Amino acid sequence: MKTFKKLFNLSRQEWPLLGLGLLFLAISSAALLAYPHAIKKLIDEALVEKNTADLNFAALLALVVFIVQSITSALRYYFFTLAGEKTVKRLRARLFHQIMGQEMSFFDQQKTGELVGRLSSDTAVLQNALSVNISMLLRSLVQALGGVVMLFLTSAKLTVFILLIIPPLGLLAARFGKKVKSISRRSQDALALSSGVAEESIGTVRTVKSFAQEDQIEARYHERLESSFLLSKEKIKVIAQFTNTVTLVGLSSIVFIVWYGGRLVIEGELTVGTLTQFLLYVITVAFSVGMLGSLWTDFMSAIGASERIFELLEKPVEIKDQGLNVIKQGSVEFKNVRFAYPTRGDLPVLKGLSFTLAPHETLAVVGTSGAGKSTIVQLLLRFYELESGKILIDGIDTRDYSLEAIRTHIGLVSQEPVLASVSIFENIRYANPAASKEAVIEAAKKAFAHDFILKFPQGYNTLVGERGIQLSGGQKQRVAIARALLKNPKILILDEATSALDAESESLVQKALDEQRGKRATLVIAHRLSTVKRADKIIVLQDGVVAQVGTHDELYLQENLPYHQLVKKQFEQTKALP
């Protein structure tokens with residue numbers, strides 16, 4: 001019942017359209033309920049009495065009734081369906097907003113395919129229920145109730161028998177509906193799991209192919225599909241049983257009515273026209289009740305899908321615009337920060353981390369894998385909340401800034417930058433959609449991307465492909481740097497920005513980064529010596545805390561400490577000298 005109420009509130013904005021739909025529903029239903037009476041007049045007053053004038057009038061009356069009914073039915077369908085489509089469009093927009101507004105820990109626990117499934121398959125089920133089906137439900141309900149009233153007015157004796165059948169059928173429908181709802185929910189969950197496998201496999205298709213795992217992935221996808229199919233099969237079986245029961249009871253009732261009504265005609269209690277009228281009303285009621293049963297199972301499926309949707313809609317989202325909205329200098333200070341990822345609460349990553357970054361300083365963070373280097377980036381962007389300690393920007397706790405301010409004034413270039421499948425121009429302007437063409441080109445020049453962009457036949461309008469696949473690693477990285485610089489951030493974060501590049505690409509990217517030294521606070525997460533050596537200050541992370549602080553020359557001289565060992569290991573791998 002709560003879910004029905006939520007769906008009702010969801011469609012509140014479309015009440016004017018629904019009001020028009022209800023008006024035409026009333027007219028079309030009244031017209032449909034009037035035509036059996038017209039047939040009665042046709043039989044009793046025209047055919048039996050062989051009166052041509054009455055025949056013409058009855059035929060004309062029936063024709064007018066059918067014309068009114070067909071026009072108003074079309075208008076009823078139009079307004080109800082339009083209201084449903086608008087409601088579902090708004091629902092999809094709200095659902096997408098809700099998903100995008102979740103904290104990062106939410107995405108750590110959710111598969112992309114399952115979320116996409118809720119946006120597509122779940123809302124598609126709901127779309128059918130709120131558009132076509134709601135119109136048909138109301139029409140069938142009005143016609144069933146109106147038909148029962150007309151049955152009473154036509155013959156109370158025969159109607160009593162009909163009314164004895166309806167309550168058991170109602171209880172049967174409720175029982176089957178509850179079962180269908182349960183199966184539908186599980187079926188939607190299983191379908192979402194199969195979508196998750198497909199989404200993940202297509203997104204990592206190069207990895208799948210490089211390990212020759214196509215057969216295994218297809219088998220896994222087929223297994224998920226089979227689970228969904230078996231549940232759908234179970235639902236079909238339940239619906240078929242319900243349909244069979246209702247059909248058998250309905251047809252048996254008509255046989256009884258023809259038999260008993262025929263006796264009343266023979267005894268003179270009913271005319272042939274009255275019995276015909278009664279039979280037409282029975283057929284109308286039977287058809288409407290049968291449609292209600294079919295729609296009931298559809299609505300139970302929709303309720304199962306909508307419960308999954310409302311689970312997401314009711315989750316709290318990040319509040320982005322509360323707090324200070326300007327970062328003036330860009331100094332950063334971590335004070336005794338402790339943190340463990342929500343999905344791994346028993347494995348702390350940072351265990352009392354403290355360091356400072358001045359407004360125009362370049363600070364490099366080094367350490368072995370798993371030391372917590374990238375976690376610093378995640379926390380600075382407030383993707384996660386701290387367990388204890390503080391992170392200060394310009395001496396103010398980051399929790400006192402709005403999320404929008406923090407993420408607007410911090411520019412990030414990651415190891416594997418993700419580009420949207422649009423043009424280079426749009427990818428750079430992603431950081432600032434209002435930026436002019438001149439500003440985009442200037443940012444590209446600062447990132448040393450302008451020259452290679454102009455070599456493409458379409459220049460800045462060149463499409464980069466999905467995830468930037470049409471560009472080389474160095475080109476993607478320079479586009480990502482241009483994108484970050486277009487924000488003109490107070491704090492620039494380079495998270496292993498050159499680690500995956502060849503020497504030539506690294507040289508060009510490093511040149512772009514060197515141009516920005518001293519212009520803003522820069523936090524460099526890196527292990528390559530070429531990047532680290534240029535930093536004003538280096539901190540060495542070990543087991544979630546700062547083990548060393550200093551310049552490259554200072555730290556390298558401390559032979560028994562971690563930094564010297566890290567550099568030495570890199571020398572052994574590259575045969576380079578410091």
Side-chain angles (χ1 to χ4, degrees), residues 1-18 21 80-135 137 177-178 180-196 198-200 228 231 235 295-323 342-343 382-385 402-404 407:
M1 197 65 188
K2 286 183 179 179
T3 306
F4 274 114
K5 187 177 179 181
K6 290 172 186 175
L7 291 173
F8 181 76
N9 289 332
L10 196 65
S11 61
R12 183 172 291 177
Q13 291 185 31
E14 310 309 328
W15 282 3
L17 288 175
L18 291 172
F80 273 111
T81 305
L82 183 61
E85 293 287 345
K86 291 181 73 174
T87 300
V88 172
K89 182 193 79 169
R90 192 166 56 255
L91 174 64
R92 281 193 170 121
R94 274 184 59 188
L95 187 59
F96 186 70
H97 170 77
Q98 198 77 7
I99 291 172
M100 295 306 294
Q102 295 301 307
E103 295 180 349
M104 197 59 68
S105 57
F106 169 82
F107 296 98
D108 292 342
Q109 301 173 58
Q110 295 285 335
K111 290 185 176 180
T112 304
E114 289 184 32
L115 296 176
V116 172
R118 294 196 190 188
L119 273 171
S120 54
S121 60
D122 283 3
T123 52
V125 172
L126 203 55
Q127 180 177 20
N128 193 44
L130 291 177
S131 53
V132 179
N133 283 4
I134 191 71
S135 168
L137 175 73
K178 189 175 181 181
V180 168
K181 174 187 171 183
S182 173
I183 298 170
S184 295
R185 165 121 197 195
R186 286 183 284 141
S187 177
Q188 290 296 120
D189 287 340
L191 189 60
L193 287 174
S194 67
S195 298
E199 178 88 17
E200 182 181 281
S228 177
L231 286 166
K235 184 173 78 170
L295 291 170
W296 180 253
T297 58
D298 286 346
F299 271 101
M300 288 301 100
S301 298
I303 292 298
S306 63
E307 284 176 352
R308 286 163 45 90
I309 291 172
F310 284 118
E311 278 179 10
L312 265 180
L313 288 178
E314 290 166 4
K315 274 186 172 292
V317 297
E318 291 182 321
I319 300 172
K320 296 175 63 177
D321 56 358
Q322 283 188 6
T343 53
R382 275 190 62 191
F383 288 158
Y384 302 93
E385 294 299 325
S402 68
L403 288 174
E404 192 170 4
R407 294 167 189 175

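No experiment lies behind these values; they were computed from the predicted model shown.
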*Could I get the full list of salt bridge (Lys or Arg N to Asp or Glu O under 4.0 Å) partners for Glu103, not counting sequence neighbours?*
none

*Set of salt bridge (Lys or Arg N to Asp or Glu O under 4.0 Å) partners for Lys89, sequence neighbours left out*: none

*asked:* When you measure from the side chain of Arg407 to the backbone of Arg382, do you find a donor-acceptor pair of N or O atoms at a distance under 3.5 Å?
replied: yes

*Quick one: which of Arg94, Gln102, Met100 gives a side chain to side chain contact (heavy atoms under 4.5 Å, CB included) with Gln98?*
Gln102

*Mind checking what makes ring-ring contact (aromatic ring centres under 6.0 Å, His included) contact with Tyr384, not counting sequence neighbours?*
Phe339, Tyr341

